[in-house]
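Encoded as structure tokens, the structure appears first; notes follow it.
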4 protein chains.
Amino acid sequence: MSRTAVLLLDCPDAKGIVASVSTFLYMHGANILGSDQHQDNQAGLFFMRVEFDLAEFTLDATNFAFEFQPIAGRYQMKWRLEDTASRARVALFVSRHQHCLVDLLHRHQTGELSGEIALIISNHPDARSLAEFYRVPFHHVPVDGTRKLAAEAEQIRLLDENAIQLIVLARYMQVLSPEFVARYPLRIINVHHSFLPAFSGARPYYAAFERGVKLIGATSHYVTDELDAGPIIEQNVARISHRDQVEQLIANGRDLEKAVLSRAVRWHLEHRILFYGNKTVVFD
Amino acid sequence: MSRTAVLLLDCPDAKGIVASVSTFLYMHGANILGSDQHQDNQAGLFFMRVEFDLAEFTLDATNFAFEFQPIAGRYQMKWRLEDTASRARVALFVSRHQHCLVDLLHRHQTGELSGEIALIISNHPDARSLAEFYRVPFHHVPVDGTRKLAAEAEQIRLLDENAIQLIVLARYMQVLSPEFVARYPLRIINVHHSFLPAFSGARPYYAAFERGVKLIGATSHYVTDELDAGPIIEQNVARISHRDQVEQLIANGRDLEKAVLSRAVRWHLEHRILFYGNKTVVFD
Amino acid sequence: MSRTAVLLLDCPDAKGIVASVSTFLYMHGANILGSDQHQDNQAGLFFMRVEFDLAEFTLDATNFAFEFQPIAGRYQMKWRLEDTASRARVALFVSRHQHCLVDLLHRHQTGELSGEIALIISNHPDARSLAEFYRVPFHHVPVDGTRKLAAEAEQIRLLDENAIQLIVLARYMQVLSPEFVARYPLRIINVHHSFLPAFSGARPYYAAFERGVKLIGATSHYVTDELDAGPIIEQNVARISHRDQVEQLIANGRDLEKAVLSRAVRWHLEHRILFYGNKTVVFD
Amino acid sequence: MSRTAVLLLDCPDAKGIVASVSTFLYMHGANILGSDQHQDNQAGLFFMRVEFDLAEFTLDATNFAFEFQPIAGRYQMKWRLEDTASRARVALFVSRHQHCLVDLLHRHQTGELSGEIALIISNHPDARSLAEFYRVPFHHVPVDGTRKLAAEAEQIRLLDENAIQLIVLARYMQVLSPEFVARYPLRIINVHHSFLPAFSGARPYYAAFERGVKLIGATSHYVTDELDAGPIIEQNVARISHRDQVEQLIANGRDLEKAVLSRAVRWHLEHRILFYGNKTVVFD
């Protein structure tokens, strides 16, 4: 398999965008492997993802930016070009519950996730042996009331040292400070154990049980300043009944959490996600 | 097929309930066709539904109450006995959107719903010809700001005249007054076009679109004083994507609404629903 | 809303297709409203659907064919251009069970289906009053062992007279002759009440019950010579349990049948379906 | 939490069964924690599962059999009493794909599965380190054309030595001999990567891709003499589209396989499964 690249772009909708971009790629020898686009006609926005083979492509990254500039400028595009050979460096944050961690590490091992899991950070020591089994460096960074800032400083140091590009909160139960979040805009993916916006905040399975809903859910989303309110990437639900006590909701919910978080991470790493407003476009 | 009855009961959990009830039924010749029970061990509550053939049953309704009283008293049971031959009289309320109405009328015609649709009340005249096609009396009761009370008075007169036992709000877009609701406790079923508690209130599909959720839903529930907060009977969801504009959400949602509302009506009419707290036990 | 057109095409995959087509459309003033494409890299095939506004488009249908010919020829395209203002004429075939018929007629009435339901043909008289209510001409064409050919001849005469472009078998329980099928290639949509290829043939709910499956399904597909083996358009399933007897499977299945058939009809009418091998590409 | 027991029984349906059983349990001090029953009125069969607290229960296993005999005899019951404190000993069989193995081992570690995973047997050495990490004995038993019988003999020796009560084929790709299967009737659970009965046999994802289905599935079932035809325990499906190549079907299918296999194992270990004909009753 030869090397491929992904071009992601969005701009105000206008006539001729696809013609310009596809002609540009064709003229420079790109062999297109897949292309997807989306128009929000109400908002007047255009989104595009093109994956192409680099074998006969005549531009490198620098040349691409220079040559593509006229088109990007004309249509006021935000764009980025990703070399799929360059694997994003990922940090996993986890607290006590390890089901998402186990799930992500196994998917990583089997090649299902295209990034590089570079380190695991936890406020508990429990996951150390699992990390060692998968040969991923593990860092225990305790967080308690008085040393939250110190803990975040240590986390940031570790993230910087390891050139981390994506942070995955794999059931990490600490709320991150606005300063921390601001350092990684749209670079932190969380899993929340409810079908947001229902039951945001803490203990959603208990809240779902109390309210007597007939479905429980889980949501993966980007972390922003506002708790549980960032752009949603993926959601899923499972049917429950009066027979299920809270413990069963929690057990069933774990499977939902694994599913929605792993899909979100995969899509992010495969450069399938674009944004507008507080929403995502996922080119799956 | 001979006649059958349904015994529904709930009480604090205790030893010997099933033994007492099943022995009682056995001693009086009941041929049990199906039985379901539920224990909430945390809340210490017991729920039971028994359906039995009346062919060799030796008690009529009056005798049943008399003979069953010692058991009911000992365990502090709330109970009721329903003769399934006695079809509940149902009123359908509808506004402009007729998809749930069409759906319920056709299911009624094919025998899927065990009640009797006795009349249709609407604040618009649009559904008259449909009602006539299915030979259900139709009453146009306009509701506007100044005459809401008068409208409800007229509705109540119609419901009383027709001895209505269940009111189904089949996309009826008017909020009922607390006085109206209080007359029909746990006798009014509504369909809300979101997966409650998310997006309660008006225009849920627009709210869902704005929030960028990946699933839309619908919820059938009993109407209580608090808007959209009564006991949930059934919910379902459907996957959407960035491709779906609000109009598509609304169209997809109609199918969810039909499904959850018709199931709730069927379960109610088949005496499958019990309550505790603000929740339902549905013996499906 | 101004008029729009849909261009559908497929061809062997090659460099430059999107560039050529999109540049062509741009040069002739098309305002693209939505575009979707698919590449099967293994089979080396390319599929594309473009919907565009005709307001400033400079070609009519005849000119389009002439001007587009060089591109179509170079890439060996199969293509067609559909004017969305031209509503396809549809015939509904039905036997005794009317749930799909009711569903399609109501969706048609509310504008959810973009075609014109021109007539209903049934081997039973039962649906006549429903057809009259929706003001669709109804034709009772009895089919029995000895007069099957005569019946088909009469059906064909009716279809020809009414210039029918799409036949929908809305639970029509007669097997069509190969000659009949050959007259309407990929123009007959059927609903089969199982998740094909499981339980093909007759009485699938009984077969599902016997086998003890935990999900039942329904499938909409194009009719070909081989029974229940044509290209699948849409499928869905619902969970069942040991509690559900065959009658309940049949009742639950009706909802699946309505859903998968109506979606298939809608997609066909909106020109969203392409073919390869025995499979469909559905640009939803 | 005190000790509990599960009573499972089935018999021809008759009046008085529930009264007899529940009175029997009540008279001997059982505190019932949950009870579920099922009647197949068409087949005339009755099924029951009762879980009860042993704290004040006055019978031990031997006494129970003696005292319960009159009831069991009168109604021709098949019955068994399971002490939930006695954890079933489980063997996991695996070939190259480890996703189900990882999943089951982690669920076992977190206490989600109530049995004891006593050993892992594989025809490949790959899973050894994983087994060691979870401290489960691992046995590499190569199987090739000429030594299949020898391999099975070795497997049987290991199973006997370890007093194994349940064999789970966690993506074990060898077909077991009828003699092997006969030793463990309804004691071998397999996962098949299609929604049986569709695509039975080898390479189901390829077959599903070829047929162009819109849903893929997975099935957990008991192994019987006839390949892929034993009683189905659980099934699930996931939606796919033309965008998904076979590799993506395989990846999505892994999640289905994990889900349906782990649920089947859990239900078996919790004594929730009864049989009739070739079907299961699952009291979930």
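A, B, ... follow the sequence lines: proteins, then strands. Residue 1 opens every chain.
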Side chain, backbone, both or neither: which part of D/Ala30 has a non-hydrogen atom closer than 4.5 Å to chain B?
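Contact with chain B involves the backbone of D/Ala30 alone.
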For chain B and chain D, what donor-acceptor pairs lie under 3.5 Å, backbone included?
residue : atom : partner : partner atom : Å
B/Lys15 : NZ   : D/Gly29 : O            : 3.1
B/Lys15 : NZ   : D/Glu56 : OE1          : 3.0
B/Ala19 : N    : D/Ser22 : OG           : 3.4
B/Ser22 : OG   : D/Ala19 : N            : 3.4
B/Ser22 : OG   : D/Ser22 : OG           : 3.1
B/Thr23 : OG1  : D/Thr23 : OG1          : 3.1
B/Gly29 : O    : D/Lys15 : NZ           : 3.1
B/Ile32 : O    : D/Gln39 : NE2          : 2.7
B/Leu33 : O    : D/Asn41 : ND2          : 3.3
B/Gly34 : N    : D/Gln39 : OE1          : 3.1
B/Gln39 : OE1  : D/Gly34 : N            : 3.2
B/Gln39 : NE2  : D/Ile32 : O            : 2.7
B/Asn41 : ND2  : D/Leu33 : O            : 3.3
B/Glu56 : OE1  : D/Lys15 : NZ           : 3.0

Heavy-atom pairs under 4.5 Å with chain B - which of D/Val18, D/Val21, D/Ile17, D/Leu25 has more of them than the others?
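Of D/Val18, D/Val21, D/Ile17, D/Leu25, D/Val18 has the most heavy-atom pairs under 4.5 Å with chain B.
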Please enumerate all residues that pass ring pair (Phe, Tyr, Trp, His ring centres under 6.0 Å) together with D/Phe199, with sequence neighbours excluded.
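So D/Phe199 forms no ring pair (Phe, Tyr, Trp, His ring centres under 6.0 Å) with any residue.
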